[in-house]
Amino acid sequence: MKNLNIYVAPGANPGATGTKEDPFSTLSAAKKKAKELQNEFGCDITVYLRGGEYRYQTPEIFTAEDSAMDGTKITYQAYPGEQPFLGGAIRISGWEKESEEEAYTIWKAKVPEGVYSRHLYIDGQRAARTKTGIQKNRAWETVRSDTFQRYRKTGSHFNGEKQCDLYEGYLTQDPMFLTCRNPQDIEFVYDVGWTHSVCPVESVTETKEGIFLKMKQPCFKDCQIKIGMQIDGPSYVENLYELLGTDGGWYLDRQESVLYVAQPKGISIEEQTVELPVAEQLLVVRGEKDRPVKNLVFRGLTFRYTTFLNPGVNGHPDVQANILKDPDDDALTYSYFKKTQSCVVLDHAEGIIFDGCQFLHLGNGAVDIQHGSADNRLMYCELSDISGNGIQAGDFQETDAHPADSREIVRDNSVENCYIHNAGAEFKGSVGILCGYAKGLRIIHNELCDLPYSAVSLGWGWGYVDPDSDTRYSYKPLPHFKRYKEESVCREHEVRGNYIHHVLTQLHDGAGIYTLGLMPGTKIIQNLIVGNYQGSSYPEEVMVHNSWKGNQDEAYTRQKGFPGGIYMDEASGGMEVRENIIYQTVVPIHYHNIMEEKRFRSNIIRDNTINKKPCDHGFPHEIAAGTGITAG
């Protein structure tokens, strides 16, 4: 079959024709030309992107009009030997010294008026915003703060599990907050159990008792009542100009449109490359349920430098896996949740391939596969330094579990031979690969490591959208919860041959592979999960946990990295867990038995190797050698 080529280069002639000698200057121009050629010749089209930076402030959007014809592909790929970067940052220059101290210098530079970002990169490294010291807690404990006391109680709310007190904000005696600049840009951060929440300050006023920090609503209410882990005091407070100092830090004054950066004495920021991300997304593939976008390939491209503004505007009440409480749902039915944003989104997309791409230095998630997207593949990609989830597949509303239209089902997508590390770099409750309500997700031969919480998370709903939810031993569905006779769409996943190591580095109650709910036909086989804990391990293969009986084994459940191996959480069922290798974890396989025994017995758990190292007799070296990324 004939193949036609189109060329793009940054900074090229705006009136170009798209040939190698006269390349287009934008992907948009190439996209239009590709479709014209396909309509004329009906053949494969390759769009070569020459090396360099393609800068975006709004995403490149592909619609059904940009699809390749059935039986053909339109490929957008790096020119051989060159590296194109699709980036969402503006480069900052024109630095001046604001002040000079004994150990550090504060530099400043103007930014375009109206620019807002929560992220900064200096010489390709994520720079930390200013923050107070971190107050750490243990396991599921909330932070008890001497500096910040919850203040002005307004009532309480029953969240389906317990009665939660509601307050307007905090009382503090720290005078810095009374005189600080731009108090509405201050963010309180909460690391509790398995969650990472953020809530902005609304105002600061002086009272007879002290300084009142009124918090942003409804975020502060949501953080106090959301299911799972609620907040008390903050783990730390972020984004204050007054904290610029010896530990570095940066601050964007949105009122002055000035960026401030503290650098150690003797280091000139004028000699460094400073990138301020301003785009929240770089690529959106957006079809419709009766007209999906089809048959596109993205090969060898690097997506980098995005920001995520909503946490600083409205807050970030994390429920689990960087999925948020819906501010409009105080009934807390385990049915309505908000996803966080990703750099690349597939929406009603089919047959889209990302091959050998990089997703780096992102202020949100990397890739979101949603709304009826099917048969898409990520292969041989690297995801690193991601603020949120690496890859999200499926959606998280009750209507996604039981859709009225089968065209809305996210199905038969795959993540293969990808290297996913340092996701959750900011939002610590994030995971490497997250699967919500979807069907047939294949997670094959990937390496996932250096993650603050879980590596792979499958399923959603805590069993409430499944049949037999009324038979739970505890936390029975409340009267306003819907009951279902049919199973949800979440089923037939395959998690095989993955190498998962060094996860749960910061939060608690997660695992190398974590599951929720009934997922018939799901296979978790021949994965290597190691290095999540260095202490003594639970001696049995499976710990069956009945929390309502109060028989938690404190020697294991409160240890750092618990449980760490495979965690079959509430109502997990219908799965085959076979031939996995698990060592250096707190608990190899943890089952949270909140349903009747029949749900536990619906799983097949066999032939796993636990608590054996490669030097031990009986270690399955052949299986271990077959995990992780394979040659491509």
Do the side chain of K226 and the main chain of M229 share a donor and acceptor less than 3.5 angstrom apart? yes

Between the main-chain N or O of L309 and the side-chain N or O of E280, is there a donor-acceptor pair closer than 3.5 Å? yes

Does [X] [atom1] have over 12 foreign heavy atoms under 6.0 Å away?
X: Q163; atom1: CD; result: yes
X: Q125; atom1: CD; result: no
X: Q57; atom1: CD; result: no
X: K214; atom1: NZ; result: no
X: K162; atom1: NZ; result: no

Looking at [X] and [Y], does any basic side-chain N land under 4.0 Å from a carboxylate oxygen?
X: R152; Y: E209; answer: no
X: R150; Y: D165; answer: no
X: R304; Y: E275; answer: no

To the nearest 0.5 Å, what is the distance between NE2 on H361 and NE2 on H119? 13.0 Å

Pair K108, D253 - check salt bridge (charged side-chain N to carboxylate O under 4.0 Å, His left out), show working. CA-CA 10 Å; K108 68 178 181 179; D253 191 321; over 6 Å; no

Donor + acceptor pair across side chains of [X], [Y] (<3.5 Å):
X: Y514; Y: D569; answer: yes
X: H421; Y: E447; answer: no
X: Q255; Y: R181; answer: no
X: E98; Y: Y260; answer: no
X: R126; Y: Y121; answer: yes

Would you check, one step at a time, whether the test side chain to side chain contact (heavy atoms under 4.5 Å, CB included) holds for Q341 with N310? CA-CA 9 Å; Q341 196 176 61; N310 193 62; over 6 Å; no

Decide yes or no on salt bridge (charged side-chain N to carboxylate O under 4.0 Å, His left out) for E53 and R91, but give the supporting numbers first. CA-CA 11 Å; E53 193 83 28; R91 186 164 294 176; 5.4 Å; no

Over 60° means perpendicular and under 30° means parallel, so classify the ring planes of F177 and F188, tilted if in between. tilted

For [X] against [Y], the heavy-atom pair lying closest together:
X: I90; Y: V115; answer: CD1-CG2, 4.3 Å
X: A366; Y: F359; answer: CB-CB, 4.0 Å
X: F337; Y: F396; answer: CD1-O, 3.6 Å

When the side chains of residues 189-202 are checked against the rest of the protein, which donor-acceptor pairs come out under 3.5 Å, sequence neighbours left out?
unit_1	atom_1	unit_2	atom_2	d
Y190	OH	Y170	OH	2.9
D191	OD1	H196	ND1	2.6
D191	OD2	K428	NZ	3.1
W194	NE1	V319	O	3.0
T195	OG1	V192	O	2.8
H196	ND1	K428	NZ	3.3
H196	NE2	E426	O	3.3
S197	OG	D318	N	3.1

Only pairs at least two apart or in different chains count here, so list each salt bridge (charged side-chain N to carboxylate O under 4.0 Å, His left out) that has a residue in residues 263-273. E100-K265

